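Below: the structure, in structure tokens.
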Amino acid sequence: MKKTLPLSLLISCSLLYAATLEENLLENSLVVYNGSIALVHEKRMLDVKKNETQIVYEGVANTIQTDSINIKLPSSLTLYSQQFRFDKLTHAKLLEAHIDKSLFFKNEKEKQISATLLAYDLEKALVRTQEGKIISIATDTIIFETIPKELITKPSLVWNIATKKSVQAPIEIDYLIHNLDYVNNYIINIDKNTAVLHGWITIDNRSGKAFNNTQLHVLAGDIHRQAPTPYFAKRAIQADGLLDVQHHAHEGYHFYTIPFKVNIANQEKTQIKFLEQQDIQLKRNYTATMSYPLSLVGMREQAVSQSITLEAQKFVLPKGVVRTYSKLDNNTILLGENIIPHTAKNTPITLELGKNFDTKVEEQVVKIIQNEKYAQSTIEYTVCNNSDEPKSITVLVPFNKKSDSEVKSKKKFLYTKGNLVTFTTTLKPNKEESFEVTFLDMK
């Protein structure tokens with residue numbers, strides 16, 4: 001009985017003049033950007049014989065950006081060209097490649113019969129035996145002796161080379177891949193006037209390649225890219241609470257190195273904790289934004305937005321989603337969700353939580369004058385605190401700050417953000433305060 005060759009040997013037979021590469025990696029790392037791209041770095045040992053004309057580099061991601069390939073070969077090798085082979089081996093493709101070629105199939109007695117393949121579908125094939133008979137056989141009884149060189153078991157790079165001598169040396173390759181995303185997620189647990197901050201890196205790998213025992217880096221920042229996909233992180237500072245994740249500022253970006261090797265499977269999300277900071281001081285804010293006073297008619301009630309401001313920290317925070325929680329008895333309560341931009345160190349962070357149920361501000365027109373020379377409105381603002389805790393509430397009134405405009409009130413105010421007349425009122429529990437403001441705008 002004729003023996004069939006193992007698949008691995010068949011593949012090597014189809015590439016008779018290909019150099020061999022050690023399967024084990026000498027180095028491997030991954031830099032992930034939050035724009036669905038990543039930079040792969042690998043180093044392997046290469047064994048090239050004098051007459052070999054190809055190097056086959058198996059197992060690259062099928063989302064490789066081929067024009068980004070950066071290869072470092074031994075100087076004694078001459079590189080002429082490269083191909084990316086991604087037409088992966090399937091049963092149907094093997095059948096197609098063997099039309100009008102000889103092969104073997106097993107009959108009911110498990111005897112191998114020589115024949116020529118004429119046609120096939122998913123389950124049946126037509127073959128011509130050596131006796132000239134055309135018969136139908138099941139496709140799973142066919143035995144293939146060769147694999148066409150254009151078919152592969154893994155996406156591979158093929159380099160066409162020339163060498164005048166045998167070479168044993170390391171080879172390095174860097175290339176960009178797509179469909180590998182990086183995002184940051186933050187969890188904040190607040191307790192009275194302090195907070196605990198946890199930071200997570202989430203890697204979503206849809207690149208078509210698994211990364212095993214890999215050194216992982218992520219780059220925070222928006223890098224410029226020429227076409228489709230945008231995005232992403234050396235000054236040796238180690239901020240408290242960074243879980244030994246190495247952080248460096250470099251060229252306006254921030255580069256993070258995970259201190260342990262990771263396994264990232266294909267079609268899988270992997271989360272890595274990169275930050276923990278205890279006892280962050282926070283301030284609670286209660287703010288109501290009012291109507292433009294010269295267009296207000298009658299009375300309106302405005303809700304009070306609540307937010308928290310975390311004190312400035314000695315570490316940067318890459319862009320990400322922040323979820324804020326608190327505890328009530330044994331229950332955990334979600335207070336709000338925010339998206340923060342890339343935030344430099346020593347920068348306070350304000351997070352919106354939502355509307356405060358127990359506070360409100362009413363605005364009511366007391367007097368209004370409109371004529372050809374000017375417009376004037378007197379508005380009464382009533383700030384209410386119906387909670388059982390004292391509240392400091394900020395009232396923001398949009399009004400143009402011009403040389404011929406005027407704001408009068410017995411209550412102190414200042415302009416913030418250019419055009420917001422800003423009042424701050426501190427109220428005891430279950431109390432309210434009213435004050436009048438006159439706005440004048442010359443026409």
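As the structure is a computational prediction, the values presented were derived from the model and not from experiment.
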Among Val31, Leu275, Asn184, Val316, side-chain contact (heavy atoms from CB on, under 4.5 Å) partner for Tyr256: Val316
Spatial distance of atom CG (Leu103) from atom CD1 (Ile137) [nearest 0.5 Å]: 7.0 Å
Aromatic ring proximity Phe144/His98, centre distance under 6.0 Å: yes
Ser81 side chain reached by Trp159 side chain, heavy atoms, under 4.5 Å: no
Non-hydrogen side-chain atoms of Val32 and Leu216 separated by less than 4.5 Å: yes
Nearest atoms (heavy-atom pairs only) where Asn62 meets Pro155: CB-CG, 3.9 Å
Side-chain donor or acceptor of Gln281 paired with backbone N/O of Ala195 under 3.5 Å: no
Side chain to side chain contact (heavy atoms under 4.5 Å, CB included) partners for Pro429, two or more places apart: Pro390
Close side-chain approach of Ile203 to Val218, heavy-atom, < 4.5 Å: yes
Any side-chain heavy-atom pair of Val48 and Leu77 under 4.5 Å: yes
Backbone of Asn213 reached by a side-chain donor or acceptor of Asn263 within 3.5 Å: yes
Derivation and outcome, side chain to side chain contact (heavy atoms under 4.5 Å, CB included), residues Phe211 and Val262: CA-CA 8 Å; Phe211 299 90; Val262 300; over 6 Å; no
Side chain Gln215, main chain Asn28, donor-acceptor under 3.5 Å: no
Any side-chain heavy-atom pair of Arg323 and Leu334 under 4.5 Å: yes
Side chain to side chain contact (heavy atoms under 4.5 Å, CB included) evaluation trace for Thr129 with Ile135: CA-CA 8 Å; Thr129 65; Ile135 61 174; 4.0 Å; yes
Short side-chain to backbone donor-acceptor contact, Thr343 and Pro341, under 3.5 Å: yes
Spacing of Lys428 atom NZ and Asp388 atom CG [to the nearest 0.5 Å]: 15.0 Å
Minimal non-hydrogen separation, Ile340 against Pro318, with atom names: CD1-O, 4.2 Å
Heavy-atom check, side chain of Thr324 versus side chain of Ile190, under 4.5 Å: yes
Distance-minimising heavy-atom pair for Val407 and Tyr415: CG2-OH, 3.5 Å
salt_bridge(Glu22, Arg44) N-O dist < 4.0 Å: no
Cation-pi, Tyr286 ring and Lys391 (6.0 angstrom, 45 degrees): yes
Under-4.0 Å salt bridge between Glu362 and Lys360: yes
Check against side chain to side chain contact (heavy atoms under 4.5 Å, CB included), Ile64 and Phe84: CA-CA 9 Å; Ile64 184 173; Phe84 173 45; 3.5 Å; yes
Note, Ile188 side chain near Leu310 side chain (heavy atom, < 4.5 Å): yes
Spacing of Asp279 atom CG and Asn193 atom CG [to the nearest 0.5 Å]: 12.0 Å
Nearest-0.5 Å distance that lies between atom CZ in Phe105 and atom OG1 in Thr141: 6.5 Å
Lys165 backbone acceptor or donor facing Thr163 side chain under 3.5 Å: yes
Asn356 (side chain) donor-acceptor with Thr359 (main chain) under 3.5 angstrom: yes
Thr63 side chain to His178 backbone, donor-acceptor under 3.5 Å: yes
Check: Ile55 and Leu46 side chains under 4.5 Å, non-hydrogen atoms: yes
Set of side-chain hydrogen bond (donor to acceptor under 3.5 Å, both in side chains) partners for Asn185, sequence neighbours left out: Thr202
Stepwise side chain to side chain contact (heavy atoms under 4.5 Å, CB included) check, Leu79 with Ile71: CA-CA 10 Å; Leu79 175 62; Ile71 179 177; 4.1 Å; yes
Contact list for residues 195-215, test salt bridge (charged side-chain N to carboxylate O under 4.0 Å, His left out), sequence neighbours left out: Glu42-Lys209, Asp204-Arg206
Donor-acceptor contact present, side-chain Ser387 to main-chain Asn385, <3.5 Å: no
Worked check of ring-ring contact (aromatic ring centres under 6.0 Å, His included) between Trp200 and Phe274: CA-CA 6 Å; Trp200 293 85; Phe274 78 100; 9.1 Å; no
Qualifying residue for side-chain contact (heavy atoms from CB on, under 4.5 Å) with Gln313, from Thr347, Ile349, Ile280: Ile280
Sidechain-backbone polar pair: Thr394 side chain, Thr424 backbone, donor-acceptor under 3.5 Å: no
Heavy-atom donor-acceptor pair, Asp329 side chain to Asn331 backbone, under 3.5 Å: no
Pairwise distance CD(Gln306) to CG(Asn285) - rounded to 0.5 angstrom: 10.0 Å
Between CD1 on residue Ile258 and NZ on residue Lys273, distance to nearest 0.5 Å: 13.0 Å
